[in-house]
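Structure first, commentary second.
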Amino acid sequence: MIFQTEFLTTKVACPLLAEIHHNTFDTGWSEAEFAKLLAMPGALAQFIHIEKQPVGFCLYLICDKEAEILTLGILPQNRGCSAATFLLEEGFEYLRAQSVNRIFLEVSINNMPALKLYQTTGFAEIGRRSNYYREKTGRADALILQKEL
């Protein structure tokens, strides 16, 4: 498979972000929520696609020399083919070019595929937020992860 990525900072991305998010997570974010996020200084959406067919996205917030991954989603039919790894590696290159030297994220302790992805791509745990996520089975802790770029 030949993946390609592109970066957008405009509200044009909101309908596609909302659609992918809805098809990726139990509780999808709306177009309005994505519009609000992309209106923030430093917000950036990264899409991954195969021949212009969406595969997933990553939403970053850049502040000076640090960035945060706000959300990342790969459509279910595209999981298991290294799309998320490719997406992140391309994102890391872009962030380095923007002089970002550290990236953070939060992930549920119950999200094993995401934890494996982040471990594989060099993230390390630096903290924990108790009962941070509301999940089907109750509350779950969030791990705070960091990667030096």
Side-chain angles (χ1 to χ4, degrees), residues 1-9 13-14 16-30 33-34 36-38 40-51 53-149:
M1 287 186 200
I2 299 175
F3 297 117
Q4 294 181 316
T5 62
E6 60 185 283
F7 296 87
L8 297 170
T9 58
C14 295
L16 183 56
L17 286 167
E19 180 182 341
I20 295 171
H21 203 272
H22 175 73
N23 290 314
T24 304
F25 296 98
D26 292 335
T27 306
W29 297 353
S30 69
E33 289 169 308
F34 278 108
K36 195 173 181 181
L37 287 168
L38 281 176
M40 296 171 64
L44 174 70
Q46 176 192 15
F47 289 97
I48 184 170
H49 53 87
I50 301 171
E51 297 178 7
Q53 292 300 311
V55 171
F57 74 93
C58 188
L59 186 64
Y60 302 94
L61 187 59
I62 301 169
C63 183
D64 194 28
K65 296 191 181 297
E66 296 181 340
E68 180 179 0
I69 293 177
L70 301 177
T71 186
L72 182 154
I74 300 294
L75 291 168
Q77 66 269 25
N78 297 110
R79 293 178 186 160
C81 60
S82 301
T85 301
F86 183 85
L87 179 72
L88 284 175
E89 293 296 339
E90 291 286 308
F92 298 157
E93 287 300 314
Y94 180 87
L95 293 171
R96 282 185 196 100
Q98 306 304 308
S99 300
V100 171
N101 57 32
R102 189 178 322 176
I103 187 165
F104 298 91
L105 62 88
E106 294 164 344
V107 62
S108 170
I109 60 168
N110 296 329
N111 190 341
M112 292 305 160
L115 288 169
K116 183 178 176 186
L117 167 69
Y118 297 134
Q119 181 181 31
T120 301
T121 55
F123 283 87
E125 181 180 343
I126 59 166
R128 182 183 288 241
R129 296 183 195 277
S130 297
N131 298 314
Y132 185 76
Y133 289 106
R134 211 175 273 136
E135 297 180 349
K136 289 179 183 178
T137 58
R139 306 287 297 184
D141 289 358
L143 297 181
I144 303 166
L145 306 181
Q146 161 187 294
K147 177 181 172 66
E148 299 288 334
L149 298 175

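All residue numbers in this chain count up from 1 along the given sequence. Nothing here was measured: the structure is a model prediction, and the numbers come from that model. What's counted below: heavy atoms across the whole structure, side chains too, no hydrogens, waters or symmetry copies.
- Looking at every heavy atom in both residues, Leu44 comes nearest to Thr9 through CD1-CG2, 3.5 Å.
- Side-chain atoms of Arg79 and Pro113, non-hydrogen and from C-beta on, never get closer than 4.5 Å to each other.
- Rounding to the nearest 0.5 Å gives a distance of 5.0 Å between OG1 of Thr85 and CG of Leu117.
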- Walk me through it: do Arg96 and Glu93 pass the test salt bridge (charged side-chain N to carboxylate O under 4.0 Å, His left out)? CA-CA 5 Å; Arg96 282 185 196 100; Glu93 287 300 314; 2.8 Å; yes

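- Counting heavy atoms of neighbouring residues, nucleotides and ligands inside a 6.0 Å radius, atom CD1 of Ile2 does not exceed 12 of them.
- The side-chain heavy atoms of Leu87 and Phe3, taken from C-beta on, include no pair separated by under 4.5 Å.
- Here the CD1-CD distance, from Ile62 to Gln98, works out to 6.0 Å after rounding to the nearest 0.5 Å.
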- Verdict with reasoning, Trp29 to Leu17, per side chain to side chain contact (heavy atoms under 4.5 Å, CB included): CA-CA 8 Å; Trp29 297 353; Leu17 286 167; over 6 Å; no

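- The line from CZ of Arg129 to CD1 of Ile144 is 4.0 Å long, rounded to the nearest 0.5 Å.
- Between Ala43 and Leu38, the shortest heavy-atom distance links the atoms CB-CA, 3.8 Å.
- Side chains of Val100 and Tyr94 form no contact here, defined as non-hydrogen atoms less than 4.5 Å apart.
- The number of heavy atoms from other shown groups lying within 6.0 Å of CD (Gln119) does not exceed 12.
- The closest side-chain heavy-atom distance from Leu88 to Ile69 is below 4.5 Å.
- In terms of heavy atoms, Phe34 sits closest to Cys14 at C-SG, 3.7 Å.
- Here the CG atom belonging to Leu61 is positioned 13.0 Å from the OG1 atom belonging to Thr71, to the nearest 0.5 angstrom.
- Using cut-offs of 30° and 60° for the angle between ring planes, the Phe123 and Phe92 rings count as tilted.
- Proximity of a side-chain donor or acceptor of His22 to a complementary backbone N or O of Gly28 within less than 3.5 Å is not detected.
- Panel note: side chain Asn101, backbone Leu149; no donor-acceptor pair is recorded below 3.5 Å.
- We find the CZ-CD distance between Phe57 and Glu6 to be 14.0 Å, quoted to the nearest 0.5 Å.
- The two residues Ser130 and Asp141 have their closest heavy-atom pair at CA-OD1, 3.2 Å.
- Residue Cys58 holds its SG atom at 12.5 Å from CD of Glu90, rounded to the nearest 0.5 Å.
- No more than 12 heavy atoms of other residues, nucleotides or ligands sit less than 6.0 Å from atom CZ of Arg134.
- Residues Leu72 and Leu59 fail the side-chain proximity criterion, which asks for heavy atoms closer than 4.5 Å.
- Remark: Glu51 CD is loosely packed, at most 12 non-hydrogen atoms of other residues, nucleotides or ligands lying under 6.0 Å away.
- Nearest heavy atom pair, residue Glu125 against residue Leu145, reads CA-CD2, 3.5 Å.
- Here the shortest heavy-atom pairing between Lys136 and Asp26 reads CE-OD2, 3.2 Å.
- Counted by atom type alone, Glu106 and Tyr132 present one or more donor-acceptor pairs between their side chains at under 3.5 Å.
- Taking the side chain as every heavy atom from C-beta outward, Ile74 and Thr24 never approach each other to under 4.5 Å.
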